[in-house]
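Below is the structure I would like to discuss, written out as structure tokens.
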Amino acid sequence: MHYYDKNRRVDELCGTSAMDDTECVLRAINGSGESSFTMLQNGYPPNPAEHTLSLVYCISKQMPGNKGAQRIQAAALWGVCSP
């Protein structure tokens, strides 16, 4: 599902005017981020006691005035947010 949804989002962005539409780009990035987080479980560490990255991801989505995008690229990035 993640693979097919990602391909659909890429197809949408490849339209000539899509890259000029900031909302469209942010929706695609956020959709990709949500899919990576939930379907690929890239937000979950090997040690269940550590939830730093998943907390940062969830909090950033709830920040007042958030107009950007959030995406976790891969589970290998866990060292980025480790204390």
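Just so we're clear, the structure is a prediction, and the values are computed from it rather than from any experiment.
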- The single option from K61, M63, Q62 that satisfies side-chain contact (heavy atoms from CB on, under 4.5 Å) with I59 is M63
- Roughly how far apart are T22 OG1 and R27 CZ, rounded to 0.5 Å?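 Taking OG1 in T22 and CZ in R27, the distance rounds to 10.5 Å.
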- Please tell me if the side chains of R8 and D5 come closer than 4.5 Å, counting only heavy atoms from C-beta onward. yes
- Would you say S36's side chain and G33's backbone share a donor-acceptor pair under 3.5 angstrom?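 No, S36 side chain to G33 backbone: no donor-acceptor pair under 3.5 Å.
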- Item | Heavy-atom closest contact (A69 atom, I29 atom, distance) | CB-CG2, 3.4 Å
- Task: For the pair S32 (side chain) and A28 (backbone), establish whether a donor and an acceptor sit closer than 3.5 Å, ignoring hydrogens and angles.
- Result: no
- Item | Test side-chain contact (heavy atoms from CB on, under 4.5 Å) applied to S35 and R9, M1, K6, the passing residue |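 It is R9, the one option of R9, M1, K6 that forms the side-chain contact (heavy atoms from CB on, under 4.5 Å) with S35.
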- Task: Go through the steps to decide whether D21 and V25 satisfy the test side chain to side chain contact (heavy atoms under 4.5 Å, CB included), and finish with yes or no.
- Result: CA-CA 6 Å; D21 182 356; V25 172; 5.9 Å; no
- Task: Locate the shortest heavy-atom distance separating F37 from C58; write the atom from each residue and the value.
- Result: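 Between these two residues, the closest heavy atoms are CZ-SG, 4.2 Å.
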